[in-house]
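See structure below.
Quick note: residue numbers are just sequence positions, from 1.
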Amino acid sequence: MSQINELPITALQFYATASYTCSYLPQQTARSQVATPSHLVHSDMYGDLVNAGFRRSGLFTYRPYCDHCKACIATRIPVEHFVPTRSQQRAHKQHANLETHVLHLSYTDEHYALYRLYQEQRHHDGDMNRDDQEQYTQFLLQSRVNSRLVEFRDGPENPEPGRLRMVSIIDIVEAGISSVYTFYDTTVSKASYGTYSILWQIEQVRQLKRPYLYLGYYIKESQKMAYKSKFKAIEGLIDNLWQPLHTR
C-alpha cells in the first residue's frame with residue numbers, strides 16, 4: 001500500500017487488488033487500484049478521483065491497474081462541443097416522451113426486477129447475471145457521494161403509461177456528472193434507451209452549467225464498451241492527459 005504522488009489527494013492511500021478474470025476481454029486477467037479508506041472519499045475528493053480516471057462501485061472507488069494491458073480508457077464528453085449524430089437525434093425523438101423522476105438512492109422491487117431482466121439479456125455470460133438483492137444494493141444503492149437514481153417511465157400518451165423503462169444511477173461532481181450505471185427494458189424492439197440516457201445526462205450537465213459528462217471506460221476490443229466512441233467530441237484519459245479519443 002502506498003501514496004500516489006501525482007494525485008492531489010494526500011489523505012488517501014491506494015492498493016492494488018489481486019488478479020481476477022476480466023469482465024470484458026476473454027482470456028484476460030485484470031487488477032484494480034482502490035482508494036482507501038472509503039469513508040474519506042467525500043464528494044469534493046471524489047470529483048478529483050473521477051477526473052483522474054477512477055470510477056465508483058458502491059462504496060469502492062477504483063480504476064484499472066492491470067499488469068500488461070491498457071485497454072481501459074476513462075472517457076468524458078465536453079458537453080459544450082457535443083453535437084449529436086443523426087442516429088442519436090432519432091433516438092432522442094423516439095424516447096422524448098419518457099417521463100423522468102430524479103430520486104435519492106433507494107431499493108424497490110420494481111427497480112430490481114428490471115435490473116435482473118437487463119442482466120439476464122445483456123450480461124448472461126457474466127457474474128452480474130447472478131446478483132441477488134443484497135449484491136444489487138451494494139453495487140448501485142450504496143454511496144457516500146452526491147448520487148441520484150433517475151427513473152424513466154412511459155408518458156401518458158403511451159399504451160402503458162407509467163411503466164418503468166429505464167433506471168440510471170448518476171453522481172454529481174464539481175465538473176459535471178459521472179454516469180455510474182444504466183439498465184433498461186430489453187423487451188422493447190428497436191428501442192435506443194441507452195443512447196437516450198446519455199443524451200439526457202448531457203443535457204443535465206448543460207443545465208448545471210458544468211463542463212463534463214464522465215462515461216466510464218472505453219474498450220475498443222469490447223462491443224459492450226466500444227459504443228462510447230459514437231459520441232462525438234468524446235475525450236479519453238491517455239497517458240494521464242485528457243485528449244480526443246480518436247487519437248488512440
| field | Rounded distance [0.5 Å steps], OG1 in T182 versus OH in Y118 | value | 8.0 Å
| Minimum-distance pair of heavy atoms, taken over all atoms of S106 and H111 | O-ND1, 4.0 Å
| message | Taking T85's backbone N and O only, do any of them form a donor-acceptor pair with Q88's side chain (distance below 3.5 Å, no angle check)? | response | yes
| said: Rounded to the nearest 0.5 Å, what separates atom OG in S179 from atom CD1 in I202? | reply: 10.0 Å
| request: Say whether, by atom type as modelled, one donor and one acceptor occur between the side chain of D239 and the main chain of L241 under 3.5 angstrom. | output: no
| Any chance CD of Q223 has more than 12 other-residue heavy atoms, nucleotides or ligands included, within less than 6.0 Å? | no
| Test log, rule side chain to side chain contact (heavy atoms under 4.5 Å, CB included), inputs Y218 and K220 | CA-CA 6 Å; Y218 164 80; K220 183 178 181 180; 3.4 Å; yes
| Are more than 12 heavy atoms from other residues, nucleotides or ligands located less than 6.0 Å from atom CD of E80? | no
| query | Any donor-acceptor pair under 3.5 Å linking the side chain of R163 with the backbone of R153? | reply | no
| query | Regarding R76 and S178, is there a side-chain donor-to-acceptor distance under 3.5 Å anywhere? | reply | no
| query | CD/Q204 to CD1/I177 distance, rounded to the nearest 0.5 angstrom? | reply | 6.0 Å
| said: Quick check: closest heavy atoms across V150 and I170, and the distance to 0.1 Å? | reply: CG2-CD1, 4.1 Å
| query | Has the side chain of T137 got a donor or acceptor atom that lies under 3.5 Å from a matching backbone atom of Q133? | reply | yes
| request: Indicate the atoms forming the closest heavy-atom contact of L164 with E110, along with that distance. | output: CB-OE2, 3.5 Å
| message | Name the residue from L49, T61, V34, D48 that meets the side-chain contact (heavy atoms from CB on, under 4.5 Å) definition with L12. | response | L49
| field | Pair R63-S32, side-chain donor/acceptor within less than 3.5 Å | value | no
| query | Taking side chain as C-beta onward, heavy atoms only, is H42 less than 4.5 Å from D44? | reply | yes
| field | Approximate separation, where rounding is to 0.5 Å, of I238 CD1 and L245 CG | value | 6.0 Å
| query | If we only count heavy atoms from C-beta on, is the N146 to D171 side-chain gap below 4.5 Å? | reply | no
| Test item: side-chain donor near acceptor, Y193 and D185, under 3.5 Å | no
| query | For the residue pair Y136 and Y112, does the interplanar ring angle fall in the parallel (under 30°), tilted (30 to 60°) or perpendicular (over 60°) class? | reply | tilted
| message | Just verifying a value: how many Å separate Y184 OH and L117 CG, rounded to the nearest 0.5 Å? | response | 11.0 Å
| said: Using the ring centroid of each side chain, check whether Y181 and F139 are separated by less than 6.0 Å. | reply: yes
| With side chains defined as the heavy atoms from C-beta onward, is the minimum distance between L199 and F231 less than 4.5 Å? | yes
| Hphob cluster co-occupancy, V180 + L59, side-chain heavy atoms under 4.5 angstrom | no
| message | When you measure from the side chain of R144 to the backbone of L40, do you find a donor-acceptor pair of N or O atoms at a distance under 3.5 Å? | response | no
| What is the minimum heavy-atom distance between C69 and C66, and which atoms define it? | O-CB, 3.6 Å
| query | Is it true that the side chains of Q201 and S197 contain a donor and an acceptor less than 3.5 Å apart? | reply | yes
| Are a donor atom and an acceptor atom from the side chains of Y212 and N51 found within less than 3.5 Å of each other? | no
| query | Is there a side-chain contact between T195 and W200, using heavy atoms and a 4.5 Å cut-off? | reply | no
| Between the side chain of T75 and the main-chain N/O of G216, is any donor-acceptor distance below 3.5 Å? | yes
| query | Where do M166 and G194 come nearest, in terms of heavy atoms and distance? | reply | SD-N, 4.3 Å
| field | F152 to S168 - nearest heavy-atom pair and separation | value | CE1-OG, 3.7 Å
| Hey, does the side chain of R56 reach the backbone of Y46 with a donor-acceptor pair shorter than 3.5 angstrom? | no
| With S222, which residues qualify under side chain to side chain donor-acceptor pair (under 3.5 Å), at least two apart? | none
| Side chains of H92 and P84: does their closest heavy-atom pair fall under 4.5 Å? | no
| said: Using modelled atom types and a 3.5 Å cut-off, is there a donor and acceptor pairing between side-chain atoms of R206 and backbone atoms of V79? | reply: yes
| said: Assess, by modelled atom type and distance only, whether the side chains of D67 and Y65 contain a donor and an acceptor separated by less than 3.5 Å. | reply: no
| Within the side chain of Q94, is there an N or O that forms a donor-acceptor pair under 3.5 Å with the backbone of K190? | yes
| What's the spacing between Y115 OH and I169 CD1 if we round to 0.5 Å? | 10.5 Å
| field | Q119 vs D131 side-chain heavy atoms within contact, under 4.5 Å | value | no
| query | Are the side chain of Y217 and the backbone of G53 linked by a donor-acceptor contact shorter than 3.5 Å? | reply | yes
| said: Other residues, nucleotides and ligands only: do more than 12 of their heavy atoms fall within 6.0 Å of NE2 on H101? | reply: yes
| E99 vs P156 side-chain heavy atoms within contact, under 4.5 Å | yes
| Residue that, paired with F54, satisfies ring-ring contact (aromatic ring centres under 6.0 Å, His included) out of Y214, F14, F60 | F14
| message | If you define the side chain from C-beta out and look only at heavy atoms, does anything of Y62 sit under 4.5 Å from Q33? | response | no
| message | Under a plain distance cut-off of 3.5 Å, with no hydrogens placed, do T29 and S19 share a side-chain donor-acceptor pair? | response | no
| request: Establish whether L25 and Y20 are linked, either directly or via other cluster members, by ILVMFWY side-chain heavy-atom contacts under 4.5 Å. | output: no
